[in-house]
Amino acid sequence: MNFMLKVGGALALAAVLTAPALAQSRLVAPGLSTTGTYMDYMRTVYARAAGADLVQVPLSGFDKNYELTALAAESWEQSEDGLTWTFKLRDGLVWSDGEPLKASDYIFSLQQAATSGYDFAWYWDTAASIANWKEVTDGTADVSTLGIKAVDDHTITVTTVTPKPYLPSVVSLWYPTPKHQFDKVGEDWSTNVDTIVASGPFKVQSWEKSNNTVVLEKNESYTGPWQAQVDEVEIDSSLGLPEVGLPAFLAGEADISNLNAGQIPVMRQRMPDNLRQDAVFAVSYISFDLDSPPFDNVDVRRAFYYAVNRDELTSTVLRDLAAPAGSILAPGYPGYNAEMAAKAVFDPQKAKDFMTAAGYPDGKGFPEVEIWFREEGGANGAILPPTAQYLQAQFKEILGITMNIKIMPGKDWMEGLLARKNNLYIAPYGYDYLDPSNFFGIFYNGGRHNYHVAEYDALVAQADSNPVWEERLKLYAQAEQVMIDQGMIVPLVHPLTTSVISDAIGGDATVPNENGYTPFGAFSYMYTHITKN
Amino acid sequence: MILFIIKRLISIAATFFAVSIIIFLMMHAVPGGPFDGNDMPVSAAVREQLMAKLGLDQPLWVQYLNYMGGVLRLDFGVPYQSPGESVLSLLANAWPPSLILGGLGVLIGAPLGILLGMAAALNRNSWIDYLASAVATLGLTIPVFVTSMLLILVFAVWLNWLPASGWGKPERWILPIVAYAAIPLATYARYTRSAFLDNINKPFVTTLRAKGLSERRIIFQHVLKNSAIPMVTVFLPMFIGTATGSIFVESMFRVPGLGSYFVSSIQNRDYPLEMALVLMVTVAICLAYLISDIVYALINPRIRFGGNKQ
């Protein structure tokens, strides 16, 4: 009897002791890239580690309805001349090692970004237009002259070159760097789990670098908005490939899986209530070298604009993968103008007329051209190759031209684009922040394509700095009309992504938004508004 | 023998340096560099700053000498994609999973392949032969990612017997090892069958039978030994090939091994890592062939090193 009691007692004690461990909820989700260099968004954006967006807290963020939300900053205001913004930080924010999170940590992160080879530096020049940013990154001005200042531990001021009414949106990508840790460990503080300190809703538990898989745990010291609802998140970048992710999902080893075009109908039949679709705020478009023949002729460019049957493209080869794009802005994106988008119609006769006007009736005399696009993973990887093949056939049939296709590594493609090694590209672009200036900026004053269209540049410059939203929209609409009239680009499609989620997860992030989409790409919101049974 | 080994080691060293020069030049000849991004590029000033920091602003020959100077001290540099550690420590972390999976795959697949090949040869033109040939042909022709997918679907998704993917617990090793083992199994089955059929009809076998040796002794003691040379030729290089990681198997089964580095180092223009991987494989293959040559001699004393001396 005594023995039985002892055994029973031991078992009960063991149950009590292990109960908290058993209750731990771990969400397993796919990551974006199997390589990640720094666990620091402010050191590298394109080669950041999985979960870097969750480990630090930005000044602002966007919820699933794309409403701007104050995160580390509790308020902000613009000066009367529109050139200075003041951000007030919340009280009580601390680093995971107990050190207080200060305004100077935000200043330090941008100072580092301006001077240490940040691969996203263009953003703070183009989107934020921070005073002296360009001079500091070029090495012609000292970093202390940068238009950012910590007035006190809780106050940041940002001075811009021109008024930027949308700056609170831009700073959704402004994360802090722990200056105290940087001073202690050095610039590689964010490469080692033991030296990474967090200010956001999660902290790093482990990081498998060979496939950029990260396990995050809830940061109990985080007191700001959007706190973690699960104890742990495993972001496994190997699961990013639907061919790997779905089998793991079906075997119960993952809670979310991306789906490819072949998997969507199967899973729609099998788990119709568990599918979630997201309209990615991105666009794929055709761009030209405006200065070299035959695309220096505006009639040729406009012929391309009217020769694309977007509805057929997205209902056949891109079914479930993309929606038609009449504009560079996707439906639902701030500033989207349905009237302008409706102008991108498929009109084969008009396309032929423009070719004739350009001196190439039925394509006669038109040189053989080559369209370049880059190898990609994810949504774009599924979209670009069939799109190129579709366009090849359609341009042959409608315009009578021969267009060859070249797929190339991303770096080579980008180098070719900047050095104008070709005159025809399919280019994808995804949003960085939620304001029309983000997309209009791509073609502004050189931008991504070396475009210099004076009328367009003037309108975009006015729109960007106008403090009145309605007036801005009118100016952007005028700029978009210039894009159409000048045939600057041919918008093609907006990508859609489809995922399947397990019955074990729930929470606000899994419920579609007012447009019927579930934006899993908005990481900060998603991972903090998801629960697991 | 010792002279032969010394000569081969010298030739390995020469190969090592030749490969290092070729790969170094090829890496730098490929358009783009580590800081030419897929999206908006860094400014020229920033790019210069980064290139200077990594010594990439120096003439190529200086960069080569600096790198190889480090290699001779077993310092393969710092990988651009993981700057907080050395190339050696990065590879040391990633190699064990590849070594375990690839090594066990060969160690399991090769003996099974030998048995299958022997069974086929000893039962020529029977259903056993046809079955063995079919298995070998399928093993060689079905891409490994298809094999992997089928294994996952059957054993993880449908039967729910084993984990679909991941790394850590030994039960997670089973499916990737089976996927790995398919190729050595198929290769060995074909080599063994062919070598056995070559030997089994030779006069020495007739002589052995005439002397009254049992069939089992003839097969295992004489035919198998004489058939071993082509198998030895295949074994070590295959071992090296699989134990240095497979991008497909490791991707499908989410194994944190070396395979992904072969791709990511090229994609990211991670020169130190790319060089280290190529040099590592070069040395491993050279040594594998050296060991194979030595094993030849041990198996067959008629083989002499260094030419036609009898």
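So that the names make sense, note that chain A is the first sequence line, chain B the second, and so on, each numbered from 1.
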Checklist entry - Are the side chain of B:Y180 and the backbone of B:G109 linked by a donor-acceptor contact shorter than 3.5 Å? => result no
Checklist entry - What part of A:E375 gets closer than 4.5 Å to chain B, counting heavy atoms only: side chain, backbone, both or neither? => result neither
Item to check | Segment of B:F253 engaging chain A (4.5 angstrom heavy-atom cut-off) | outcome: neither
Next on the checklist: Given heavy-atom pairs under 4.5 angstrom as the criterion, report whether the side chain, backbone, both or neither of B:E48 touches chain A.
Outcome noted: neither
Checklist entry - Is it the side chain or the backbone of A:E243 that comes within 4.5 Å of chain B heavy atoms, both, or neither? => result both
Checklist entry - In terms of heavy-atom proximity below 4.5 Å to chain A, should B:P79 be classed as side chain, backbone, both, or neither? => result neither
Next on the checklist: Heavy-atom cut-off 4.5 Å, strictly under: side chain, backbone, both or neither for B:S260 against chain A?
Outcome noted: side chain
Item to check | A:T213, part contacting chain B, at a heavy-atom distance under 4.5 Å | outcome: neither
Checklist entry - Is there a side chain to side chain donor-acceptor pair (under 3.5 Å) between A:N211 and A:S238 once you walk through the steps? => result CA-CA 6 Å; A:N211 54 16; A:S238 315; 3.2 Å; yes
Checklist entry - Is there side-chain contact between A:M271 and A:F249, with heavy atoms separated by less than 4.5 Å? => result yes
Item to check | Flag, side chain of A:Q263 to backbone of A:N260, donor-acceptor distance under 3.5 Å | outcome: yes
Item to check | Under-4.0 Å salt bridge between A:R26 and A:D236 | outcome: no
Checklist outcome for this item: Turns out that what part of B:N93 lies under 4.5 Å from chain A's heavy atoms comes down to neither
Checklist entry - chain B heavy atoms under 4.5 Å from A:N192: which part of the residue, side chain, backbone, both or neither? => result neither
Checklist entry - Between A:R420 and A:H449, is there a donor-acceptor pair closer than 3.5 Å when you use the side chain of the first and the backbone of the second? => result no
Checklist entry - Under a 4.5 Å heavy-atom cutoff, which of B:S148, B:P163, B:A156 has the most pairs with chain A? => result B:P163
Item to check | A:L241, part contacting chain B, at a heavy-atom distance under 4.5 Å | outcome: neither
Next on the checklist: Can you tell me which portion of A:Y38 sits under 4.5 Å from chain B's heavy atoms? Options are side chain, backbone, both or neither.
Outcome noted: side chain
Item to check | Ring centers of A:Y123, A:F120 separated by less than 6.0 Å | outcome: yes
Item to check | A:T37, part contacting chain B, at a heavy-atom distance under 4.5 Å | outcome: both
Next on the checklist: For A:D125, which atoms come within 4.5 Å of any heavy atom of chain B: side chain, backbone, both, or neither?
Outcome noted: neither
Checklist entry - Backbone N or O of A:A50 within a donor-acceptor pair of the A:N212 side chain at under 3.5 Å? => result yes
Checklist outcome for this item: Of the listed A:A114, A:A121, A:A251, the one with the largest count of heavy-atom pairs under 4.5 Å with chain B is A:A251
Checklist outcome for this item: Smallest heavy-atom separation, B:R254 atom then B:S165 atom, equals NE-OG, 2.8 Å
Item to check | Part of A:A248 within contact of chain B (heavy atom distance under 4.5 Å) | outcome: both
Item to check | Within the 6.0 Å centroid threshold, strictly below: A:Y285 and A:F443 | outcome: yes
Item to check | A:R374 and A:I407, any side-chain heavy atoms less than 4.5 Å apart | outcome: no
Checklist entry - Is it the side chain or the backbone of B:I152 that comes within 4.5 Å of chain A heavy atoms, both, or neither? => result side chain
